[in-house]
K.L.:
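Sending over a structure as structure tokens; questions will come in a sec.
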Protein chains: 2
Amino acid sequence: MTYVEHSSDALDLAAAGAGLTDVEAVWADYVNSPKIRKLSLSPHEAIFYEGDPADHIYELAGGSVMLYKLLPDGRRQVVEILKEGDLFGFQRGRNYDCTAETLSGVELRALNRRDIDVSLSLQRYIGERMFAKMESLHEHAMLLGRKSAMERVASYLMRFVPGRGTADCTGPAEDIEVDDGMIELSMTRQEIADFLGLTIETVSRAISELKRRGLIRIEKQDRILIPRICNLCRLTGMH
Amino acid sequence: MTYVEHSSDALDLAAAGAGLTDVEAVWADYVNSPKIRKLSLSPHEAIFYEGDPADHIYELAGGSVMLYKLLPDGRRQVVEILKEGDLFGFQRGRNYDCTAETLSGVELRALNRRDIDVSLSLQRYIGERMFAKMESLHEHAMLLGRKSAMERVASYLMRFVPGRGTADCTGPAEDIEVDDGMIELSMTRQEIADFLGLTIETVSRAISELKRRGLIRIEKQDRILIPRICNLCRLTGMH
DNA sequence: CGTGGATTTGATGAACATCAATTAGAGTGG
DNA sequence: CCACTCTAATTGATGTTCATCAAATCCACG
């Protein structure tokens with residue numbers, strides 16, 4: 001008896017030839033295979049609602065998506081902000097535990113739980129992504145439970161600076177004298193507030209305060225220039 | 001060519017005989033196999049520290065464990081409270097992203113990443129557990145970001161009432177007239193506060209308030225009686 | 001140019017943190 | 001068994017931060 005029943009197609013076989021550890025290549029092969037259904041969505045469109053039967057798993061191929069939960073009285077908490085490459089829609093139970101809504105124009109790939117369940121490499125790829133996501137959920141718990149409003153907003157802005165503001169960030173490259181960055185906010189103040197556990201007004205005040213202190217400059221509404229990244233990073237509470 | 005390289009031992013083969021979907025049986029076989037190293041720990045002992053090289057994965061076989069993160073100035077956020085059967089120590093990177101500390105006497109099983117990486121069934125089992133954990137992290141984000149102090153404490157107490165207080169809770173069984181429960185708190189006020197994003201004093205005041213209102217009764221320090229579970233549950237903000 | 005929603009700003013209030021003191025409980029040694 | 005000690009927990013007084021309520025301003029879009 002062989003283990004053929006573990007794989008529905010040639011993906012793992014190809015991977016075995018390429019070296020077992022290259023799960024990312026297997027994943028790329030899988031999601032680019034013609035049987036994967038692709039979807040395009042407009043900004044602020046719901047993908048699924050909290051409580052809906054969890055019948056699909058998605059990969060975000062482009063754009064950004066938020067996941068949020070609601071309390072019966074309407075209070076909202078955005079629990080994840082997803083970016084290209086992120087996976088969502090996995091559930092333990094029969095129903096989604098949160099609502100998924102697009103923040104921008106979005107390209108999705110709808111995956112089949114069945115394909116994934118029978119491939120070791122796909123499982124491993126997903127595992128890797130899940131562990132990363134758990135770390136970012138831990139970080140977010142720290143933000144929500146223990147950071148001040150200003151620290152939350154600074155941390156939020158730092159999210160969008162690639163490669164900076166993480167635990168292992170070592171500051172700017174040494175040979176660089178200007179350490180600035182331009183970031184793009186695709187979320188409204190309400191969405192940011194619901195992500196940070198604050199109100200619109202508190203978020204707005206914190207951003208104004210950063211402007212006043214010269215730590216950020218607003219160019220054209222939702223484009224923000226950070227003149228000295230390290231200065232902003234120091235306000236996150238993490239360094 | 002077969003897929004034999006996907007499995008280091010007979011676990012999956014046995015599972016195939018028993019039906020592919022019974023990943024829990026495969027897991028049970030694995031963790032009970034003699035090669036799994038077992039550990040016993042006393043209360044309030046560190047298992048690993050944030051930043052340590054992530055060289056082990058653990059299954060909590062008995063007792064309870066908390067995971068927490070620290071900010072440089074000492075602020076602490078407890079990000080998970082683990083109970084029997086929970087897995088922890090998975091990391092995306094090279095190092096643990098939080099500290100693990102026992103809350104009670106604890107029995108652990110130290111697992112090998114290598115064993116798991118080559119078994120589809122074990123991967124799938126872990127995936128299931130991770131999805132459940134992500135849901136509880138979402139729930140916790142809601143608590144930290146949007147609930148009042150009283151709602152947080154009520155939610156915390158409800159955690160320890162088996163089968164109640166969850167989203168799909170339908171209340172007590174219909175044929176029952178007394179709906180009470182006894183719970184055991186194994187955490188200090190400081191640990192509870194750091195889990196709920198509050199201070200010791202606020203937690204203490206909330207508990208006193210619940211006592212005053214007759215919603216709980218303290219028996220012998222860390223044993224709490226809940227006379228009418230639904231009454232407490234109503235304070236969680238979820239119904 | 002005008003309209004309507006989003007954002008900002010201001011004034012006030014409530015919830016929770018902080019600081020300080022007291023009490024309760026668990027463990028210890030006489 | 002009972003005082004003693006030490007820490008955890010409670011309670012009280014005050015302060016700070018952020019939420020709430022209200023108004024003004026900005027900006028995108030027709």
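We use all heavy atoms of the structure for the numbers below, so side chains are in, but hydrogens, waters and symmetry mates are not. Convention: sequence-line order gives letters A, B, ...; per-chain numbering from 1.
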K.L.:
Kindly give the atom pairs (protein nitrogen or oxygen, nucleotide nitrogen or oxygen) under 3.5 Å for nucleotides 7-15 of chain C.
P.N.:
| unit_1 | atom_1 | unit_2 | atom_2 | d |
| --- | --- | --- | --- | --- |
| C:dT7 | OP2 | A:R189 | N | 3.2 |
| C:dT8 | OP1 | A:R189 | NH2 | 2.9 |
| C:dT8 | OP2 | A:R189 | NE | 2.6 |
| C:dT8 | OP2 | A:R189 | NH2 | 3.4 |
| C:dT8 | OP2 | A:S204 | OG | 2.8 |
| C:dT8 | O5' | A:S204 | OG | 3.0 |
| C:dT9 | OP2 | A:S208 | OG | 2.4 |
| C:dG10 | N7 | A:R205 | NH1 | 2.8 |
| C:dG10 | O6 | A:R205 | NH2 | 3.2 |
| C:dA11 | N6 | A:R205 | NH2 | 3.4 |

K.L.:
Output the rounded distance in Å from CG (B:L144) to P (C:dC16).
P.N.:
13 Å

K.L.:
Less than 4.5 Å apart, any side-chain heavy atom of B:R213 and any of B:L210?
P.N.:
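A side-chain contact is absent here, since even the closest heavy-atom pair is not under 4.5 Å.
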
K.L.:
Send over the distance from A:R75 CZ to D:dT20 C1', rounded to a whole Å.
P.N.:
15 Å

K.L.:
Can you check the A:R152 CZ to D:dC18 C1' distance for me, whole Å?
P.N.:
9 Å

K.L.:
Using a strict cut-off of less than 4.0 Å between a Lys/Arg side-chain nitrogen and an Asp/Glu carboxylate oxygen, indicate whether B:R129 and B:D86 qualify as a salt bridge.
P.N.:
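A salt bridge is present here (some side-chain N lies under 4.0 Å from a carboxylate O).
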
K.L.:
Rounding to an integer number of Å, can you tell me how far A:K220 NZ sits from D:dC26 C1'?
P.N.:
15 Å

K.L.:
Please report the distance, rounded to the nearest Å, between CG in B:L185 and C1' in D:dA9.
P.N.:
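After rounding, the reported distance stands at 13 Å.
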
K.L.:
I want to check something: taking the side chain as every heavy atom from C-beta on, are A:H44 and A:S104 in contact at a cut-off of under 4.5 Å?
P.N.:
no

K.L.:
Could A:K133 and A:E80 be called an ion pair, given the rule that one side-chain N must be under 4.0 Å from one carboxylate O?
P.N.:
yes

K.L.:
May I have the distance from B:H44 (atom NE2) to C:dA26 (atom P), rounded to whole angstrom?
P.N.:
15 Å

K.L.:
Between atom CG in B:D194 and atom P in D:dA9, what is the gap in whole Å?
P.N.:
12 Å

K.L.:
Nearest-Å distance, CD (A:E191) to P (C:dG5)?
P.N.:
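A:E191 atom CD is separated from C:dG5 atom P by 17 Å.
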
K.L.:
Are A:R75 and B:E151 within salt-bridge range, i.e. N to O under 4.0 Å?
P.N.:
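So A:R75 pairs with B:E151 through a salt bridge.
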
K.L.:
A:Y68 and side chain to side chain donor-acceptor pair (under 3.5 Å): which single residue from A:Q77, A:E191, A:E101 fits?
P.N.:
A:E101

